[in-house]
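The chains referred to below are lettered A, B, ... by the order of the sequence lines, with proteins before strands, and numbering in each begins at 1.
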There are 2 protein chains.
Amino acid sequence: MINGDAASLISQIRDAVNKLIMSEFERRHIKGIVPSHGDILVYLYKHTNVTMKELAEHIHRSKPTVTVLINKLEEYGYVVREKDGSDNRITYIKLTQKGTELYPIFNDISVEIRERMYGGFSEQEGEQLEQLLQNLLRRF
Amino acid sequence: MINGDAASLISQIRDAVNKLIMSEFERRHIKGIVPSHGDILVYLYKHTNVTMKELAEHIHRSKPTVTVLINKLEEYGYVVREKDGSDNRITYIKLTQKGTELYPIFNDISVEIRERMYGGFSEQEGEQLEQLLQNLLRRF
DNA sequence: CCATTATAGTTTTACATCTAACTATTGTCA
DNA sequence: TGACAATAGTTAGATGTAAAACTATAATGG
């Protein structure tokens, strides 16, 4: 029997995940950081020569939002901006030492979130969920 | 093969759904209204003697948020506040004529969203999705 | 070459939402 | 009964996010 509340469930899960991430930041005394900052740092741990535009695309936020997010990460000393030598429009975002040192923490939190998301499911159910969600997203 | 990106997918779907709802409001020339206002109105169409607290619980927003949302709905003339006779702490939210007239529009939008969410799935897949999401939410 | 167009990024402005603190009212229990 | 706790709702303040407009730079085609 279909209930029709998938949209509501998805919205609630999203809020719950964000809340959990925030509480993990809190627990580890990382202040002033929100989930989107985490998305940026996690992306930076896996890629080099990352531009603002590239970040915006990958964390699924607008360019102005990324500007603000990077402003704060820079202010906290986790990243620095670096201009491209040949194309002055482009800005690369580089991790600082301090930003790099956060890697284990963000990795732990990623693992914890994934555990919370998939921990109650069998392998097969986890795959099913992803398949259905990918399918659903493709329709928008 | 599990990808581990269910949280990201859910976040993206949520954003896409909200965007679709906003564009439907736009298309029907309903101005200044956000999805949460829609949630409130849809709830009011189905229930009577609704309090602020009850609304907050059912649309999964905080009490201050509901205060602000109702302020706007009242300002637009869609609802009115009414004090309880015996317990003066309680405020009931009532639909006005103008609010009631919006029913067909919000109903249409609800149908459209549900169609978009479930339209690409078989009955069985729709049920599976809901089951998995309910299960997932319960773990938070 | 130069004018137009495209691209990268920021600033401005607006707003939905939350937490914390507050007011007002009602309930409780010693 | 009267002090304290609980409950309903609002206000104040902060912040994440986006759209629109803007600046600056590069690419392109006549």
Exercise. Taking OP1 and OP2 of dT10(C), is either one under 4.0 Å from a side-chain nitrogen or oxygen of Arg81(A)?
Worked result: yes
Report the distance from atom [atom1] of [X] to atom [atom2] of [N], rounded to the nearest whole Å.
X        : N       : atom1 : atom2 : value
Ile21(B) : dA16(C) : CD1   : C1'   : 14 Å
Met22(B) : dC15(C) : CE    : P     : 11 Å
Lys83(B) : dT25(C) : NZ    : C1'   : 9 Å
Ile33(B) : dA14(C) : CD1   : C1'   : 16 Å

Exercise. Taking for each residue the nucleotide of DNA chain D bearing the nearest heavy atom, is the 5' side occupied by Arg14(A) or by Asp87(A)?
Worked result: Arg14(A)
Problem set entry | Nearest-nucleotide 5' precedence on DNA chain D, Gly32(A) against Arg89(A) | Gly32(A)
For this session: Would you please test Val34(B) and Leu69(B) for side-chain contact (heavy atoms from CB on, under 4.5 Å) and show each step?
Result: CA-CA 9 Å; Val34(B) 295; Leu69(B) 291 168; 4.2 Å; yes
Seminar exercise, completed: Separation between NE2 (His29(A)) and NZ (Lys31(A)), nearest 0.5 Å, reads 9.0 Å
Problem set entry | Parallel, tilted or perpendicular: rings of Tyr103(B) and Tyr45(B) (30°, 60°) | perpendicular
For this session: Flag yes if Leu44(A) and Tyr92(A) sit in one hydrophobic cluster, no otherwise; membership is Ile, Leu, Val, Met, Phe, Trp, Tyr, and two members link when side-chain heavy atoms are under 4.5 Å apart.
Result: no
Exercise. Can you name the nearest heavy-atom pair linking Ile2(A) to Gly126(B), along with the distance?
Worked result: CD1-CA, 4.0 Å
Exercise. Hey, is Glu24(A) close enough to Arg116(A) for a salt bridge, meaning N to O under 4.0 Å?
Worked result: no
Problem set entry | Stepwise side-chain contact (heavy atoms from CB on, under 4.5 Å) check, Asn18(B) with Ile21(B) | CA-CA 5 Å; Asn18(B) 272 3; Ile21(B) 293 172; 4.3 Å; yes
Exercise. Near DNA chain C, under 4.0 Å by heavy atom, which residues of residues 51-76 of chain A?
Worked result: Thr51(A), Met52(A), Lys53(A), Lys63(A), Pro64(A), Thr67(A)
Problem set entry | Leading and trailing nucleotides of DNA chain D with any atom under 4.0 Å from heavy atoms of chain A | dG16(D) to dA26(D)
Problem set entry | side chain to side chain donor-acceptor pair (under 3.5 Å) partners for Ser8(A), two or more places apart | Gln12(A)
